[in-house]
Protein chains: 2
Amino acid sequence: MSIQDNKIEAEMNRGFLQIMVLLALETPMYGYMMLRFIEEIGYSIEENTLYPILRRLDKNGWLSSRWDVEHDRPKKYYKITEEGKMIRKKLLSIRQKQDGIISKLLKEVNNG
Amino acid sequence: MSIQDNKIEAEMNRGFLQIMVLLALETPMYGYMMLRFIEEIGYSIEENTLYPILRRLDKNGWLSSRWDVEHDRPKKYYKITEEGKMIRKKLLSIRQKQDGIISKLLKEVNNG
DNA sequence: ACAAATGCTGTATGACACACAGTATGTCAA
DNA sequence: TTGACATACTGTGTGTCATACAGCATTTGT
């Protein structure tokens, strides 16, 4: 992957990553677990990228977190909050609206 | 629209706006014309937002531009370049992949 | 015993959406 | 005829977020 590609992907990830995290955390997970989960469902995200998002969404009140210190190494479990669900809904509706615009424009490009 | 909503929309716009502009400029347009065009097809974008995008994509070589000084006030017409079309394709494919992830996760949320 | 995987934290950096300020012409109604 | 509003741009902030980079500690596999 070229540097340019990387930059483009980073830009395209904005907004999307939040939606993905907010959807995934319907089931409680800790960071490292999520990384593997995301790979499983066919996407890919860096440790560098995921941890700051979790912290930020937690700080926003869109996620709640608790430390599990009873098994193994300490793990920080996150799950979506009610506020997070409202935000998720909003984000999804914006995304849907955008998809509508894209398909409208795409039709014109293909028929032009 | 609250300040919070505004911030969220701005974030969701990232990546999307480039796609929209690159699709719209299959037909040459100048900035102000595009603003009205975008409203027509059901989206909304600020002058503040569109002009810098056009400049940036132009600078990247994804758009080409020429001044029309023959009619009325000077207008800067933009259209997509071949490189722009390649980028557009890439952006669309990333977007599509993301949409796939979202619908996969959404299914689990709704069935859970 | 040593590498690799696991599981996190904190701080820096760069790109982009958007804000704000500015410039100038054209149109239309009071 | 003047003043508001639409048209049509430019230039330079600012804040947020994805990602980079550095660090720390435990566990597992060989």
Side-chain angles (χ1 to χ4, degrees), chain A residues 1-22 28-39 43-60 62 65-78 87 91 94 98, chain B residues 1 3-22 29-39 43-60 62 65-78 87 91 94 98:
Chain A
M1 199 196 303
S2 75
I3 293 171
Q4 179 76 330
D5 277 3
N6 199 31
K7 205 188 80 178
I8 287 174
E9 293 228 23
E11 201 52 34
M12 288 299 294
N13 270 341
R14 291 183 74 132
F16 167 70
L17 292 185
Q18 291 174 55
I19 292 181
M20 181 171 64
V21 166
L22 289 173
M29 285 191 228
Y30 57 94
Y32 203 83
M33 183 181 173
M34 246 202 109
L35 281 173
R36 277 178 287 123
F37 172 73
I38 288 167
E39 297 266 336
Y43 210 72
S44 176
I45 178 175
E46 299 281 323
E47 218 188 332
N48 285 332
T49 302
L50 182 61
Y51 283 117
I53 290 175
L54 291 173
R55 287 180 231 148
R56 192 164 54 247
L57 301 192
D58 191 6
K59 201 176 124 210
N60 288 355
W62 303 352
S65 60
R66 64 169 187 80
W67 280 97
D68 173 13
V69 289
E70 300 185 9
H71 316 88
D72 230 41
R73 260 159 300 179
K75 296 184 225 320
K76 198 172 187 177
Y77 276 84
Y78 293 92
I87 295 288
L91 295 177
I94 293 173
Q98 292 175 346
Chain B
M1 200 196 301
I3 292 169
Q4 178 76 329
D5 277 2
N6 198 31
K7 206 187 80 178
I8 288 175
E9 292 228 25
E11 201 53 32
M12 289 300 294
N13 269 341
R14 292 182 75 131
F16 166 70
L17 292 185
Q18 290 172 59
I19 292 181
M20 181 171 64
V21 166
L22 289 172
M29 285 191 230
Y30 58 96
Y32 203 84
M33 184 180 171
M34 246 201 109
L35 282 174
R36 276 178 287 124
F37 173 73
I38 288 168
E39 297 265 336
Y43 210 71
S44 175
I45 178 177
E46 300 281 321
E47 219 188 331
N48 285 332
T49 302
L50 181 61
Y51 283 117
I53 290 175
L54 291 173
R55 287 180 231 150
R56 193 166 52 247
L57 301 191
D58 191 7
K59 201 177 124 208
N60 288 355
W62 304 352
S65 59
R66 64 168 188 79
W67 281 97
D68 173 13
V69 289
E70 299 185 11
H71 314 88
D72 227 43
R73 261 159 300 178
K75 297 181 222 321
K76 200 172 185 178
Y77 276 85
Y78 293 92
I87 295 288
L91 295 177
I94 292 172
Q98 292 175 346

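Below, chain A is the first sequence line, B the second, and so on; all start at residue 1. Only this structure's heavy atoms are used, side chains among them; waters, hydrogens and symmetry mates stay out.
Between the side chain of A:Arg73 and the base of C:dT6, at least one donor-acceptor pair of N or O atoms lies under 3.5 Å.
Distance check, rounded to the nearest 0.5 Å: OH of A:Tyr32 to OH of A:Tyr51 gives 7.5 Å. Interatomic distance, OH of B:Tyr78 versus CE of B:Met29, reported as 13.5 Å (0.5 Å rounding). Annotation: the span from B:Ile87 atom CD1 to B:Leu57 atom CG amounts to 10.0 Å, rounded to 0.5 Å.
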TODO: Take B:Met12 and A:Ile19, measure what side-chain contact (heavy atoms from CB on, under 4.5 Å) needs, and give me the verdict at the end.
DONE: CA-CA 10 Å; B:Met12 289 300 294; A:Ile19 292 181; 3.7 Å; yes
Open item on the list: Between A:Asn13 and A:Thr49, is the side-chain contact (heavy atoms from CB on, under 4.5 Å) condition met? List the steps.
Closed with: CA-CA 10 Å; A:Asn13 270 341; A:Thr49 302; 5.6 Å; no
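Rounding to whole angstrom units, OH of residue A:Tyr30 and C1' of C:dA5 are separated by 12 Å. Nucleotide C:dT6 holds its C1' atom 15 Å from the CD atom of A:Glu39, rounded to whole Å. For the pair A:Glu9 CD and C:dA15 P, the computed distance is 17 Å after rounding to whole Å. Atom pair B:Arg55:CZ and D:dG11:C1' shows a separation of 7 Å (rounding to whole Å applied). Atoms OH (A:Tyr78) and P (C:dG7) sit 14 Å apart, rounded to a whole Å. Between the CE atom of B:Met29 and the C1' atom of D:dA8 there is a distance of 16 Å, rounded to whole Å. B:Glu11 places its CD atom 13 Å from the C1' atom of D:dT19, with the value rounded to the nearest Å. What separates CZ of B:Phe16 from P of C:dA15 is a distance of 23 Å, to the nearest Å.
DNA chain D lies under 4.0 Å from at least one heavy atom of each of the following residues of residues 44-54 of chain B: B:Glu47, B:Tyr51.
For D:dT19, neither phosphate oxygen OP1 nor OP2 lies less than 4.0 angstrom from any side-chain nitrogen or oxygen of A:Lys7. In terms of phosphate contacts, A:Asn13 brings no side-chain nitrogen or oxygen within less than 4.0 Å of OP1 or OP2 of D:dC17.
Where A:Arg14 and A:Lys75 each meet DNA chain C at their nearest nucleotide, the meeting point lying more 5' is that of A:Lys75.
Side chains of A:Leu35 and A:Glu39 form no contact here, defined as non-hydrogen atoms less than 4.5 Å apart. Taking the side chain as every heavy atom from C-beta outward, B:Gln18 and A:Glu11 approach each other to under 4.5 Å.
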